[in-house]
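What follows is a short report on a single structure.
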Amino acid sequence: MSQLDLDELDAAIWAFVNGYDLVYPEDRKPGTVQAYDSNNGLYESIGFVDPGERQSNFRCHSKLVKDYTTSLDAALALTEEVLPTAGFMIETVKRSDDTRMGWSASLSANYKTPHLDAVHKSAPIALLICLLRALQAGGRSDA
């Protein structure tokens, strides 16, 4: 994944956990990407897209969107904000010759959701996978 792809994923995660929809320009044209809040009908510009043939070329300009996919601190802060009672663990996954393969994340959101695990080469993304699976399973503490 290129950095631009991760920026777009960060924006999508931010929109999802905050209950917003991302609205893209029609017909894959260049333009502003907006976050739409269906509760009050307001739009907020969060980025710009200039679609190429193989990727969206998304650039985020909103300070509200954090670097969840590249910063373990941001991924941990998001997890603690969205699921404050969740327990989680992050550890390295090693090969038999003791070289690191990636990261394993485990999360227990609450008594209603199962224990969730994910493995990825990036620690923040492994944790985000667990977080999104917990939210999908109904683990949000304020829901």
Side-chain angles (χ1 to χ4, degrees), residues 1-26 28 30-52 54-143:
M1 256 187 203
S2 70
Q3 182 60 43
L4 294 177
D5 295 330
L6 292 178
D7 285 347
E8 189 168 12
L9 182 56
D10 288 334
I13 291 168
W14 173 81
F16 175 75
V17 299
N18 287 291
Y20 300 136
D21 293 318
L22 292 184
V23 180
Y24 286 82
E26 291 184 21
R28 292 185 43 85
T32 301
V33 177
Q34 297 181 327
Y36 174 67
D37 184 347
S38 61
N39 293 323
N40 59 22
L42 296 178
Y43 288 88
E44 180 174 344
S45 172
I46 63 160
F48 184 82
V49 66
D50 185 7
R54 295 186 175 247
Q55 64 184 28
S56 67
N57 296 320
F58 178 88
R59 286 184 176 70
C60 184
H61 59 250
S62 174
K63 297 202 183 305
L64 297 173
V65 177
K66 307 297 182 220
D67 295 328
Y68 304 120
T69 54
T70 56
S71 167
L72 185 55
D73 288 338
L76 287 167
L78 179 66
T79 301
E80 291 172 344
E81 176 187 333
V82 176
L83 298 174
T85 61
F88 53 86
M89 179 176 63
I90 300 170
E91 58 189 358
T92 58
V93 176
K94 295 185 178 184
R95 293 187 173 104
S96 59
D97 65 357
D98 221 25
T99 58
R100 187 173 62 82
M101 276 178 34
W103 296 89
S104 170
S106 300
L107 186 138
S108 294
N110 59 37
Y111 67 92
K112 295 186 237 176
T113 58
H115 180 82
L116 302 161
D117 296 301
V119 176
H120 195 273
K121 65 182 180 178
S122 158
I125 292 178
L127 180 59
L128 291 169
I129 290 169
C130 286
L131 172 62
L132 294 173
R133 285 178 179 165
L135 292 175
Q136 186 178 32
R140 190 174 194 131
S141 60
D142 63 357

Quiz prompt | Test side-chain contact (heavy atoms from CB on, under 4.5 Å) applied to E91 - qualifying residues, sequence neighbours left out | solution =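 For E91, the residues satisfying side-chain contact (heavy atoms from CB on, under 4.5 Å) (neighbours in sequence not counted) are M89, S104.
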Quiz item: Got a sec, which residues hit side-chain contact (heavy atoms from CB on, under 4.5 Å) with D73, two or more places apart in sequence or on another chain?
Solution: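 With neighbours one apart ignored, the set is S71.
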Are the side chain of [X] and the backbone of [Y] linked by a donor-acceptor contact shorter than 3.5 Å?
X	Y	result
R59	D50	no
D10	Y68	yes
S62	L64	yes

If you define the side chain from C-beta out and look only at heavy atoms, does anything of [X] sit under 4.5 Å from [Y]?
X	Y	result
L127	L131	no
P25	V49	yes
F16	L135	yes
P124	T69	no
I125	L6	yes
L107	L83	yes

Listed partners of [X] passing ring-ring contact (aromatic ring centres under 6.0 Å, His included), at least two apart:
X	answer
F48	none
Y20	W14
W103	none

Quiz item: Say you draw a straight line from CG of D5 to CG of N57; how long is it, rounded to the nearest 0.5 Å?
Solution: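 These two atoms lie 8.5 Å from each other.
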Quiz item: Rounded to the nearest 0.5 Å, how far apart are NZ of K66 and CG of L78?
Solution: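 Here the rounded value is 10.5 Å.
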Quiz item: Which pair of non-hydrogen atoms, one from H120 and one from I129, has the smallest distance, and what is that distance?
Solution: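 Reported closest heavy-atom pair: CD2-CD1, 4.4 Å.
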Exercise. List the atom of C130, the atom of A105, and the distance in Å for their closest heavy-atom pair.
Key: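 Taking every non-hydrogen atom into account, SG-O, 3.3 Å.
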Which donor-acceptor pairs under 3.5 Å do the side chains of residues 38-47 make with protein atoms, sequence neighbours left out?
residue	atom	partner	partner atom	Å
N40	OD1	L42	N	2.9
N40	ND2	D37	OD2	3.4
S45	OG	H61	NE2	2.9

